Amino acid sequence: MSGHSTLTTETPRRAAEAAFQQCLNPSCAATFAIDEAHFGCPRCGDLIDVVYEWDRLETPRSLKAFEAKWSRPLDPLCFSGVWRFRELLPFAPADRIVTVGEGRTLLQKAEKVGRYVGIDPGGLMLQYEGLNPSGSFKDNGMTAAFTHARMIGARRVACASTGNTSAALSVYCSATDFGFQAIIFVGSGKIAYGKLSQALDHGALTVQIEGDFDDAMRRVREVADRLGIYLMNSVNPFRLEGQKTIMYRVLEAMGWEVPDWIVVPGGNLGNSSAFGKAFIELVHLGLIPRAPRLAVINANGARTLHELYGSREVRWRDGLADSTKVDSYYGELDASGVKASTIASAIEINRPVNFKKCLRALDFCDGVVREVSDQEIMDAKAQVGAGGLGCEPASAASVAGARRLREEGLIAPSDRVVCILTGHQLKDPTATVAYHGADRANFEKVLGSRGVTRAEFANHPVVVPNDLDAIVRAIALHGDAAS
Ligand code: F0G
């Protein structure tokens with residue numbers, strides 16, 4: 001390591017030359033300039049990474065140096081919880097950065113949820129990414145990808161989405177003035193209303209495809225290719241650069257100490273991939289002594305990672321992961337016609353595009369993968385809501401997964417565990433109201449069809465006549481239970 005200095009707010013001068021893109025496949029390893037747009041290697045089709053020659057860059061001596069940025073909240077690049085770490089994602093000149101004030105999120109000690117998971121007091125923390133401007137962690141990645149899009153002069157931007165990527169993309173197009181036009185692809189009936197309403201409200205061209213996320217993903221790649229549209233899904237390596245900062249903020253909130261576990265839901269596997277890259281780089285730079293362990297949690301109706309990593313033992317192997325096992329699993333899915341199905345619609349994905357990068361993260365972070373049922377997800381979600389800010393179903397997979405790992409004894413009661421709450425509670429009110437509501441038919445329709453049979457932690461509304469005495473009686477009867 002060399003080239004250290006204290007932090008300044010200027011973008012490192014030589015950033016552009018010291019950052020490039022590279023194919024993840026070691027037997028290809030093609031490199032590309034930072035101002036090119038590739039959403040897969042044009043030579044071999046593998047994923048693309050953003051790579052830095054750290055020795056040529058000015059990197060901080062310690063993570064604590066970043067705290068100096070706190071004193072400059074009027075500077076948008078210090079205000080942003082992504083760009084105040086820009087020395088750790090130094091691919092963009094400061095005057096090209098596109099920010100809407102993302103990443104001002106919260107790591108909360110969650111005692112009630114900790115008891116549910118089985119962790120000693122003070123040991124369980126929830127990273128609330130729902131506090132982002134569009135209500136999910138996606139903004140961390142969008143700000144970085146839009147910055148790259150602006151650097152290369154892209155105008156039309158597109159994504160396939162289970163809802164949050166499209167919401168974030170729509171916000172970045174409508175809240176900025178750089179001429180971006182949003183085109184989003186969603187599976188019809190596959191996206192929660194909170195998220196769909198965002199895309200519509202923010203003026204995105206919304207293309208509803210008959211099919212699910214995996215179908216929409218396939219199509220958006222073809223369309224982007226044919227029409228030369230800039231792709232904003234997490235196959236875009238710049239998205240993952242932004243999402244690394246979620247981990248920087250977790251460390252920051254812990255006084256720059258490394259937790260024992262990071263637990264994250266797994267859908268398209270962008271987050272887990274980004275977290276792994278963040279830790280690989282921080283360890284390489286000598287800024288942290290070790291990585292935390294990483295647990296990636298699938299819903300059991302969308303369990304590709306669990307199947308491939310847990311059962312078929314596909315591993316990173318320095319970038320030479322066994323793709324024939326992956327292809328044969330996808331062949332089986334096609335032949336049987338099995339589609340992803342879970343109440344956690346955000347992670348209702350069977351063909352995670354970042355699978356290989358996730359393998360790298362699991363390798364570096366001594367990772368584990370688990371799957372949880374929709375029942376476990378909804379119960380964990382109710383616990384999160386009762387204990388604080390609340391989240392959407394997919395996010396609660398992290399808490400359900402932590403509980404599972406605690407029961408197995410892999411997580412110890414004394415461990416310090418951070419669960420990532422990826423999306424805001426209001427993203428999917430349908431699931432919440434079905435769980436807590438008094439309407440059994442609605443419960444059956446929304447949750448029963450997913451194998452959820454109980455609502456053990458439901459906070460049912462109390463139905464009373466429009467009569468003062470009856471209301472007072474009802475409060476006397478139910479008041480204590482509700483407190
Ligand atoms: N949690 C939420 C709330 C999400 O929206 C997503 C992904 C995930 C978890 C999974 O994260 O893909 O990084 O493993 N949502 C994408 C979308 C697919 O289109 O909004 P991942």
Side-chain angles (χ1 to χ4, degrees), residues 105 127-132 134-142 145 158-171 184-187 190-192 194-196 198-199 204 206 209 212-217 220 231-236 239-240 242-244 246-247 262-277 294-299 302-306 340 342-355 357-358 361-362 369 372 377 381 384 390-401 419-428 431:
T105 60
Q127 175 69 10
Y128 273 107
E129 288 300 312
L131 300 183
N132 271 291
S134 83
S136 87
F137 74 90
K138 302 285 180 183
D139 298 1
N140 294 285
M142 256 341 137
C159 69
S161 185
T162 56
N164 281 326
T165 303
S166 50
L169 181 148
S170 309
V171 165
I184 67 155
F185 288 55
V186 297
K190 289 290 183 185
I191 148 170
K195 307 172 190 183
L196 180 59
Q198 288 179 287
T206 303
I209 298 192
D212 63 6
F213 172 83
D214 295 317
D215 300 316
M217 186 70 227
V220 78
L231 195 57
M232 286 288 178
N233 281 101
S234 52
V235 284
N236 179 327
R239 276 271 312 273
L240 303 193
Q243 287 169 218
K244 292 189 305 191
I246 300 170
M247 290 301 102
I262 299 287
V263 191
V264 63
N268 231 358
L269 305 179
N271 255 347
S272 43
S273 299
F275 298 173
K277 188 169 190 281
L294 180 68
V296 187
I297 313 299
N298 272 168
R303 55 186 299 282
T304 293
L305 179 68
H306 191 243
T342 166
I343 189 67
S345 58
I347 54 174
E348 197 174 53
I349 295 171
N350 261 349
R351 290 168 185 266
V353 297
N354 287 298
F355 174 70
K357 284 187 179 173
C358 179
L362 290 164
V369 179
V372 292
I377 287 173
K381 182 179 129 46
V384 171
C391 65
E392 65 168 284
S395 312
S398 62
V399 172
C419 294
I420 313 300
L421 296 186
T422 46
H424 198 283
Q425 180 192 39
L426 298 177
K427 291 281 193 173
D428 187 357

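All values reported here derive from a predicted model rather than from experimental measurement. Scope of the values below: all heavy atoms of this structure, side chains included, with no hydrogens, waters or symmetry mates. Atoms within each ligand, like the ligands themselves, are counted from 1 in listed order.
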Nearest neighbour in protein (non-hydrogen) for atom 17 (C) of ligand 1: T165 OG1, 3.0 Å

Identity and separation of the nearest protein heavy atom to atom 2 (C) of ligand 1: T422 OG1, 3.3 Å

Identity and separation of the nearest protein heavy atom to atom 11 (O) of ligand 1: F137 CZ, 3.6 Å

N/O separation below 3.5 Å, S166 to ligand 1: no

Between S395 and T422: side-chain donor-acceptor atoms closer than 3.5 Å: yes

Any N/O pair L269/ligand 1 closer than 3.5 Å: yes

Selection from K195, E348, K138, M217 by shortest heavy-atom distance to atom 7 (C) of ligand 1: K138

Atom 4 (C) of ligand 1: nearest protein contact (heavy atom, Å): A346 CB, 3.4 Å

Atom of Q198, atom of K427 and distance for their closest heavy-atom approach: OE1-NZ, 2.6 Å

Qualifying residues under side-chain hydrogen bond (donor to acceptor under 3.5 Å, both in side chains), relative to D214, sequence neighbours excluded: none

Minimum-distance protein heavy atom relative to atom 8 (C) of ligand 1: I347 CG2, 3.6 Å

Under 3.5 Å side-chain donor-acceptor pair for E348 and T342: no

Per-residue contact class, I349 against ligand 1 - non-hydrogen pairs under 4.0 Å: side chain

Residue portion contacting ligand 1 (non-hydrogen atoms closer than 4.0 Å) for T162: both

Close N or O approach (F213, ligand 1; < 3.5 Å): no

Residues Q243 and N271: side-chain donor-acceptor under 3.5 angstrom: yes

Residues K195, E392: salt bridge by 4.0 Å N-O rule: yes

Numbering as shown, the atoms of ligand 1 that approach S161 to under 4.0 Å (heavy-atom distance): 17 (C), 19 (O), 20 (O)

Check: N271 N/O within less than 3.5 Å of ligand 1 N/O: yes

side-chain hydrogen bond (donor to acceptor under 3.5 Å, both in side chains) against S161, all qualifying residues, sequence neighbours excluded: S166

N236 (side chain) donor-acceptor with L231 (main chain) under 3.5 angstrom: yes

Top protein contact for atom 5 (O) of ligand 1, by heavy-atom distance: N164 ND2, 2.8 Å

Atom 12 (O) of ligand 1: nearest protein contact (heavy atom, Å): N268 N, 2.7 Å

Part of E392 with heavy atoms under 4.0 Å of ligand 1, whether side chain, backbone, both or neither: side chain

Note, I297 side chain near V263 side chain (heavy atom, < 4.5 Å): yes

Side-chain (K277) to main-chain (K244) donor-acceptor, under 3.5 angstrom: no

Contact check, G266 vs ligand 1, heavy-atom distance below 4.0 Å: yes

Under 4.0 Å to a heavy atom of G270 - the qualifying atoms of ligand 1, by number: 12 (O), 13 (O), 14 (O), 21 (P)

Taking every non-hydrogen atom, the tightest pair across V296 and P265: CG1-C, 4.5 Å

